[in-house]
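We're numbering straight along the sequence, starting at 1. Everything quoted here is computed from the prediction, not taken from an experiment. Any value given below was found using the heavy atoms of this structure, including those in side chains, with hydrogens, waters and symmetry copies removed.
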Amino acid sequence: MSNVKARPESEAPGSVVPCCPPLSERPFTAEEAERTARMFKALGDPVRLRLFSAVASHEGGEACVCDISDVGVSQPTVSHHLKKLKEAGLLTSERRGTWVYYRVEPSVLAAMGQLLAVR
């Protein structure tokens, strides 16, 4: 999971809603802490952080798996790490033919930035 709530079925796929206030606003509830910890745990691996950064900084805001696989590990390991980032709610994906395209939703980046904002 991540710092986002599951979207209602009526919303567009990939849309996210921040779940937690900035760290400096108030102490987290147990549930908020669990969600946030999962997100940071997913980013705590250097390969995952490189993949997340590669997708987030890719032109157009999305990247084909074929364009982001050069991170020093084998393709099956890249797929594993992308799956973990997706499970944490940090990435969304879409299959187009034989390739899978990954995207970091702007609202995920905004929620992460808001979480770490100092008020």
Side-chain angles (χ1 to χ4, degrees):
M1 288 245 105
S2 72
N3 183 32
V4 294
K5 291 184 180 177
R7 65 178 172 80
E9 290 305 312
S10 61
E11 289 185 22
S15 63
V16 294
V17 177
C19 78
C20 306
L23 289 171
S24 59
E25 186 175 300
R26 64 168 172 77
F28 282 173
T29 65
E31 183 180 323
E32 290 168 340
E34 284 274 335
R35 287 185 189 140
T36 304
R38 284 188 205 112
M39 177 186 66
F40 283 113
K41 183 177 180 180
L43 290 174
D45 182 285
V47 172
R48 290 182 198 154
L49 190 55
R50 287 183 68 197
L51 288 167
F52 184 74
S53 174
V55 173
S57 65
H58 203 270
E59 186 176 332
E62 70 176 8
C64 176
V65 69
C66 61
D67 294 330
I68 58 170
S69 59
D70 187 20
V71 292
V73 295
S74 67
Q75 182 56 46
T77 304
V78 167
S79 295
H80 165 76
H81 287 300
L82 289 169
K83 177 184 173 188
K84 292 296 184 182
L85 289 168
K86 194 173 166 188
E87 287 173 350
L90 297 169
L91 296 178
T92 59
S93 66
E94 178 183 352
R95 179 171 293 281
R96 297 181 197 154
T98 59
W99 295 110
V100 178
Y101 288 78
Y102 289 89
R103 178 179 322 97
V104 176
E105 294 295 328
S107 56
V108 169
L109 291 176
M112 290 172 64
Q114 179 183 2
L115 175 70
L116 298 173
V118 178
R119 288 188 180 200

Non-hydrogen atoms of [X] and [Y] that approach each other most closely:
X	Y	value
Leu115	Met39	CD2-CE, 3.9 Å
Ile68	Ala54	CG2-CB, 3.8 Å
Arg48	Ala42	CD-O, 3.0 Å
Gly89	Val108	O-CG2, 3.6 Å
Leu90	Phe52	O-CE1, 3.5 Å

Do [X] and [Y] come within less than 4.5 Å of each other through their side chains, counting heavy atoms only?
X	Y	answer
His80	Lys84	yes
Val78	Asp70	no
Met112	Val104	no

[atom1]/[X] to [atom2]/[Y] distance, rounded to the nearest 0.5 angstrom?
X	Y	atom1	atom2	result
Glu59	Asp67	CD	CG	10.5 Å
Trp99	Cys66	CH2	SG	4.5 Å
Ser107	Gln114	OG	CD	11.5 Å
Glu94	Arg103	CD	CZ	5.5 Å
Leu51	Leu82	CG	CG	5.0 Å
Phe40	Arg38	CZ	CZ	14.0 Å

Worksheet entry | Check: Gln75 main-chain N/O paired with Ser79 side-chain donor or acceptor under 3.5 Å |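 Indeed, once roles are kept as given, a pair shorter than 3.5 Å links the two residues.
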
